[in-house]
Peer 1: 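One structure follows; several queries about it will come next.
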2 protein chains.
Amino acid sequence: MQVVQKNITREEKRKQKLDVILRNAAKAFMDQGYYRTSLDDIAKMQNVTKPTLYYYIENKEDILIKCEEQALLRINTMIDSVINAQKSGFEILYDFIKGYIGLMTDDVIRCHVRHRGQMENEQAASNSIKNHKELEYRVREIIRIGIKDKSIRNCNSTILAILLFDSLNGITGWYKSDGQVKEDELTEEVLALVSGGVRVV
Amino acid sequence: MQVVQKNITREEKRKQKLDVILRNAAKAFMDQGYYRTSLDDIAKMQNVTKPTLYYYIENKEDILIKCEEQALLRINTMIDSVINAQKSGFEILYDFIKGYIGLMTDDVIRCHVRHRGQMENEQAASNSIKNHKELEYRVREIIRIGIKDKSIRNCNSTILAILLFDSLNGITGWYKSDGQVKEDELTEEVLALVSGGVRVV
DNA sequence: TTATAACGTTACCAAAGGGTAACATACACT
DNA sequence: AGTGTATGTTACCCTTTGGTAACGTTATAA
């Protein structure tokens with residue numbers, strides 16, 4: 001009993017520390033960029049020294065990879081939750097957009113969005129690209145559902161999925177949760193744009 | 001006469017060489033990223049050595065700045081040409097989008113889009129941000145014209161301008177001029193999305 | 001209590017890369 | 001032709017930084 005308990009505690013602690021590292025690193029990468037952030041910088045945020053980081057990560061790039069894992073998990077979980085609803089394709093897309101914008105305030109996710117596919121390790125880079133393609137594919141499927149049930153107009157679902165993703169990802173570049181633009185208002189505008197465009201009919 | 005002629009030739013040559021440097025560097029920055037591209041790499045593309053570059057640029061970051069200058073000039077020229085037409089706000093916006101997508105195939109412009117505001121020199125960075133804000137402002141003005149003449153529905157022009165810009169800039173990340181998606185088709189989809197959204201009325 | 005694994009530190013290395021000094025050559029202009 | 005300036009090169013420096021080795025220290029399990 002106690003054995004297990006204590007093991008869990010230790011593992012939990014470890015996980016939490018890794019989590020803090022990822023969050024801090026992600027924030028620094030967003031603020032100053034990946035290459036302008038040294039491992040010493042990241043270590044200092046944890047009040048540890050650089051070699052300590054290597055107890056939690058394999059190398060610098062591994063931070064990017066671990067952020068990606070976490071980000072993909074959260075994004076996919078969100079998509080799971082919206083896609084299973086018994087709704088029209090358009091409504092599902094609507095929910096997806098809402099959910100995705102909601103995730104954009106998280107530094108780890110922002111970090112992933114900004115750095116995906118940019119790893120120096122080719123294997124990691126192509127894997128990252130593949131991961132994103134799969135996300136894109138899921139959004140494309142949502143659009144296809146909408147086209148089929150006629151809640152979304154007939155369009156090139158591939159291009160549309162990319163465009164939509166890119167415009168949402170662009171938000172990471174400027175949106176500050178403490179800034180002038182309220183998340184609700186932002187969401188409203190995006191939804192209105194995607195939904196009905198800008199033209200007065 | 002000949003004096004002037006020869007001077008011009010020399011200056012022209014210089015300008016052209018700088019131009020080649022910028023184009024090659026921009027392409028490399030897009031392919032591998034700014035920090036993964038060394039000045040030696042860039043020099044090699046010109047078949048010169050690194051110190052030679054310093055005859056044309058002040059330092060590495062200066063490449064980014066010079067690319068930005070060139071990009072802004074071209075973008076602003078394009079906006080000038082569409083904004084002066086006697087058309088509705090919506091039509092002007094339409095032309096802007098078309099023109100902007102057309103520019104997205106140019107490496108120097110793509111380089112600027114990807115790296116704007118990221119200079120290490122704070123002065124340069126804030127200037128770059130200011131420059132982009134001004135572009136954004138011009139687009140906002142186009143939207144305002146459309147709202148006023150009722151060709152664009154009433155909306156938050158600030159947010160819309162940013163969203164539009166970001167979605168267009170996102171194109172730089174994936175669009176290859178030799179790829180599957182044709183520029184015309186891409187433009188059509190973007191215009192359709194911005195114009196009427198995805199919803200079937 | 002004690003052995004062992006987890007966790008952390010100090011001190012260091014090697015490579016990369018931006019930038020420069022000093023020197024060589026080509027070319028324009030008198 | 002000859003002189004200065006534009007254009008390049010070789011060789012070098014110096015800082016940054018990712019990564020590691022070797023050495024404590026704390027806490028867990030027997």
Side-chain angles (χ1 to χ4, degrees), chain A residues 1-22 24-25 28-29 31-67 115 118-121 124-125, chain B residues 1-22 24-25 28-29 31-67 115 118-121 124-125:
Chain A
M1 268 294 123
Q2 276 176 335
V3 175
V4 175
Q5 191 61 31
K6 287 189 177 175
N7 272 338
I8 284 178
T9 302
R10 193 176 244 177
E11 235 172 76
E12 274 302 313
K13 234 177 183 173
R14 193 184 161 75
K15 239 182 206 167
Q16 280 173 19
K17 283 191 182 173
L18 172 59
D19 231 67
V20 174
I21 291 174
L22 295 186
N24 280 328
F29 292 164
D31 288 346
Q32 326 166 36
Y34 179 77
Y35 287 97
R36 277 182 294 263
T37 307
S38 72
L39 287 174
D40 280 321
D41 290 340
I42 297 172
K44 251 172 223 152
M45 298 172 188
Q46 265 72 39
N47 289 320
V48 292
T49 55
K50 182 171 57 176
T52 302
L53 295 180
Y54 282 82
Y55 191 75
Y56 298 92
I57 59 170
E58 288 180 35
N59 50 49
K60 191 182 183 185
E61 198 158 278
D62 191 39
I63 297 177
L64 250 36
I65 293 170
K66 285 190 161 49
C67 279
H115 296 93
Q118 310 223 339
M119 296 88 183
E120 297 187 33
N121 179 309
Chain B
M1 268 293 121
Q2 275 175 337
V3 175
V4 174
Q5 191 60 30
K6 287 191 177 174
N7 271 337
I8 284 179
T9 300
R10 194 177 244 178
E11 233 171 78
E12 274 301 312
K13 233 177 184 172
R14 193 183 161 75
K15 239 181 208 169
Q16 280 174 19
K17 284 191 183 174
L18 172 60
D19 230 67
V20 175
I21 291 175
L22 295 186
N24 280 329
F29 291 164
D31 288 346
Q32 326 166 37
Y34 180 76
Y35 288 97
R36 277 183 293 264
T37 306
S38 72
L39 288 174
D40 280 322
D41 291 339
I42 296 171
K44 252 174 223 149
M45 298 172 188
Q46 264 72 39
N47 290 320
V48 293
T49 54
K50 182 171 60 174
T52 300
L53 295 180
Y54 282 83
Y55 191 74
Y56 298 91
I57 60 169
E58 286 181 35
N59 50 49
K60 190 180 183 186
E61 198 158 279
D62 191 38
I63 298 177
L64 250 35
I65 293 171
K66 285 189 162 49
C67 279
H115 296 94
Q118 309 222 339
M119 296 86 183
E120 297 188 34
N121 180 309

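The sequence lines fix the lettering, A, B, ..., with proteins before strands; numbering per chain opens at 1. As a basis for the values below, the full set of heavy atoms in this structure was taken, side chains included, without hydrogen atoms, waters or symmetry mates.
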Peer 1: For the pair made of CD in B/E120 and C1' in C/dG18, what is the distance, rounded to whole Å?
Peer 2: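 After rounding, the gap between these two atoms is 11 Å.
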Peer 1: Do A/K17 and A/Q46 come within less than 4.5 Å of each other through their side chains, counting heavy atoms only?
Peer 2: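 In short, these two side chains do not touch, never coming nearer than 4.5 Å.
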Peer 1: Quickly work out the B/Y54 OH to C/dA21 P distance and round it to whole Å.
Peer 2: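 Atom OH in B/Y54 sits about 12 Å away from atom P in C/dA21.
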Peer 1: Give me the atom names and distance for the closest heavy-atom approach of B/A25 to B/I63.
Peer 2: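 Closest approach of B/A25 to B/I63: CB-CG2, 3.7 Å.
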Peer 1: Does anything in residues 57-67 of chain A form a salt bridge (charged side-chain N to carboxylate O under 4.0 Å, His left out)? List the pairs, not counting sequence neighbours.
Peer 2: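 Only A/D62-A/K66 qualify under salt bridge (charged side-chain N to carboxylate O under 4.0 Å, His left out).
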Peer 1: Scan A/I42, A/L39, A/D41 and name whichever one has a side-chain contact (heavy atoms from CB on, under 4.5 Å) with A/K50.
Peer 2: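 Exactly one option meets the side-chain contact (heavy atoms from CB on, under 4.5 Å) with A/K50, and it is A/L39.
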Peer 1: Take nucleotides 5-12 of chain C nucleotide by nucleotide from the 5' end and write B, S or -, depending on whether a protein heavy atom sits under 4.0 Å from the base, only from the sugar-phosphate, or from neither.
Peer 2: -SSSBBB-
Peer 1: When you measure from the side chain of B/D19 to the backbone of B/Q16, do you find a donor-acceptor pair of N or O atoms at a distance under 3.5 Å?
Peer 2: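 Not at all, since once roles are kept as given, no pair shorter than 3.5 Å links the two residues.
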Peer 1: A/K60 has an atom NZ; how far is it from atom P of D/dT16, in whole Å?
Peer 2: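 To the nearest whole Å, that distance equals 15 Å.
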Peer 1: In this structure, how many angstroms lie between the P atom of D/dT15 and the OH atom of B/Y35, rounded?
Peer 2: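 After rounding, the gap between these two atoms is 19 Å.
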Peer 1: What is the distance, to the nearest angstrom, from the CD atom on B/E58 to the C1' atom on C/dT20?
Peer 2: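 One finds 15 Å between C1' of C/dT20 and CD of B/E58, rounded.
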Peer 1: Could you tell me how far apart A/D40 (CG) and D/dT15 (C1') are, to the nearest whole angstrom?
Peer 2: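 After rounding, the gap between these two atoms is 14 Å.
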Peer 1: Whole angstroms only, please: what is the OH-P distance between B/Y34 and C/dG18?
Peer 2: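 One finds 8 Å between P of C/dG18 and OH of B/Y34, rounded.
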Peer 1: Looking at NE2 of A/H115 and CG of A/L64, how far apart are the two atoms once the value is rounded to the nearest 0.5 Å?
Peer 2: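 Between atom NE2 of A/H115 and atom CG of A/L64 there are 6.0 Å.
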Peer 1: Find the distance B/N59:CG to C/dG19:P and express it as a whole number of Å.
Peer 2: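 Atom-to-atom, B/N59 to C/dG19, this comes out as 5 Å.
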